[in-house]
Amino acid sequence: DLGRKLSEHWSQGARTLWGIQTSGFPNFFLMALNQSGVGVNYVHMATEQTGHFAFVIDECLKKGIASVEVSQQAEDDWVNEVLTAAEQGGRNAFLDSCTPSHYNHEGKKAESARLNDLYAGGPGVYVKLLEAWRADGSMPGFHVTPA
């Protein structure tokens, strides 16, 4: 549905694959902190993300692909990974234990806020996930439309 709005898709919180693509929006790439491997050096992550975009676009041109879109399953799997990493890594517990503030949603972090959080696995793990996906070569988790 080309009339779909991102604000509707994300009405309960961000839903992405690696924080850079979302199902239902073909050929759409975004640079975001939500659900991505944020580090103290934003430029590093921006470089990693744009390099990944360039790889995907180049693969589409080489393979005669007109449209590429994240599958719902790949998006769901990544969202689950983001939520699991935040829980297992202690990020949620840490934020919940802090003095209520704007940063931790006054101590009442809703599910939508957890979906809008960063990937707690860290930037190193995140970059390795992108590298492994590119090395696979088969574009797993994507629906492609030939040109």
Side-chain angles (χ1 to χ4, degrees), residues 1-98 103-105 109-147:
D1 175 18
L2 295 178
R4 187 175 188 194
K5 294 180 181 177
L6 187 60
S7 60
E8 293 168 0
H9 184 57
W10 286 4
S11 65
Q12 302 301 311
R15 300 196 55 80
T16 73
L17 176 59
W18 307 310
I20 57 180
Q21 290 177 276
T22 191
S23 67
F25 295 84
N27 295 339
F28 176 64
F29 299 87
L30 65 143
M31 293 183 63
L33 303 177
N34 306 46
Q35 300 183 357
S36 69
V38 177
V40 295
N41 184 342
Y42 174 77
V43 175
H44 173 240
M45 197 49 54
T47 301
E48 293 292 342
Q49 289 179 336
T50 55
H52 189 76
F53 302 164
F55 177 86
V56 172
I57 293 166
D58 188 52
E59 287 296 293
C60 288
L61 292 171
K62 287 180 191 174
K63 297 177 179 181
I65 296 170
S67 173
V68 62
E69 177 183 348
V70 172
S71 72
Q72 186 65 56
Q73 184 64 55
E75 180 180 283
D76 290 345
D77 290 347
W78 181 247
V79 168
N80 185 55
E81 172 62 22
V82 168
L83 295 174
T84 300
E87 194 61 42
Q88 291 177 346
R91 180 168 170 78
N92 288 346
F94 170 76
L95 291 174
D96 291 346
S97 71
C98 290
Y103 184 71
N104 70 357
H105 304 272
K109 197 168 188 180
E111 185 67 15
S112 61
R114 294 195 192 281
L115 288 171
N116 292 335
D117 208 349
L118 54 88
Y119 171 57
V125 172
Y126 176 82
V127 168
K128 287 185 187 311
L129 289 167
L130 295 179
E131 289 171 346
W133 184 89
R134 291 191 301 264
D136 178 280
S138 69
M139 301 178 84
F142 280 9
H143 297 300
V144 297
T145 304

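- Looking at Gln21, its side chain never comes within 3.5 Å of a backbone N or O of Phe29 through a donor-acceptor pair.
- For Phe28, the side-chain contact (heavy atoms from CB on, under 4.5 Å) criterion is met by Leu6, Thr22, Phe25, Leu30, not counting sequence neighbours.
- Residues forming a side-chain contact (heavy atoms from CB on, under 4.5 Å) with Asn27 (at least two apart in sequence, or on another chain): Ser67, Val68.
- Nearest heavy atoms, Ser23 versus Gln72: OG-OE1, 3.1 Å.
- Considering all non-hydrogen atoms of both residues, Ala32 and Gly19 come closest at CB-O, 3.7 Å.
- A search for ring-ring contact (aromatic ring centres under 6.0 Å, His included) contacts involving Tyr119 returns Trp78, not counting sequence neighbours.
- Remark: Asn41 engages Val43, His44 in a side-chain contact (heavy atoms from CB on, under 4.5 Å) (not counting sequence neighbours).
- A donor-acceptor pair is defined here as one N or O able to donate and one able to accept, closer than 3.5 Å; such a pair exists between the side chain of Tyr126 and the backbone of Trp18.
- Residue pairs meeting the side chain to side chain donor-acceptor pair (under 3.5 Å) criterion with at least one member in residues 130-140, sequence neighbours excluded, are His52-Arg134, Asp136-Ser138.
- The list of salt bridge (Lys or Arg N to Asp or Glu O under 4.0 Å) pairs with a residue in residues 18-45, not counting sequence neighbours, is empty.
- Tyr42 pairs by the ring-ring contact (aromatic ring centres under 6.0 Å, His included) definition with nothing, not counting sequence neighbours.
- Shown here are the side-chain hydrogen bond (donor to acceptor under 3.5 Å, both in side chains) partners of Asp58, two or more places apart in sequence or in another chain: Lys62.
- Between the CD atom of Gln49 and the OG atom of Ser36 there is a distance of 5.0 Å, given to the nearest 0.5 Å.
- Nearest heavy atom pair, residue Met45 against residue Pro123, reads CE-CB, 3.6 Å.
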- Derivation and outcome, side chain to side chain donor-acceptor pair (under 3.5 Å), residues Arg4 and His9: CA-CA 8 Å; Arg4 187 175 188 194; His9 184 57; 2.6 Å; yes
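- Judged by distance alone, the side chain of Asn116 and the main-chain N or O of Asn34 form no donor-acceptor pair under 3.5 Å.
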- Message: Determine whether Leu129 and Glu81 satisfy the following criterion, side chain to side chain contact (heavy atoms under 4.5 Å, CB included), listing intermediate values before the conclusion.
- Response: CA-CA 12 Å; Leu129 289 167; Glu81 172 62 22; 5.6 Å; no
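- Under the 4.5 Å side-chain criterion, counting only non-hydrogen atoms from C-beta, Thr50 is in contact with Met31.
- Annotation: side-chain hydrogen bond (donor to acceptor under 3.5 Å, both in side chains) contacts of Lys128 (sequence neighbours excluded): none.
- Looking at residues two or more places apart in sequence or on another chain, you find no salt bridge (charged side-chain N to carboxylate O under 4.0 Å, His left out) involving Asp77.
- Between Asp76 atom CG and Leu17 atom CG the span is 10.5 Å, to the nearest 0.5 Å.
- Counting only distance, with no hydrogens or angles, the side chain of Ser11 and the backbone of Glu8 share a donor-acceptor pair below 3.5 Å.
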Tell me which donor-acceptor pairs under 3.5 Å the side chains of residues 140-147 have, and how far apart each pair is, sequence neighbours excluded?
none

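- By the side-chain hydrogen bond (donor to acceptor under 3.5 Å, both in side chains) test, Gln35 is found to be paired with Thr16, residues two or more places apart in sequence or in another chain being considered.
- Taking the side chain as every heavy atom from C-beta outward, Leu115 and Val79 approach each other to under 4.5 Å.
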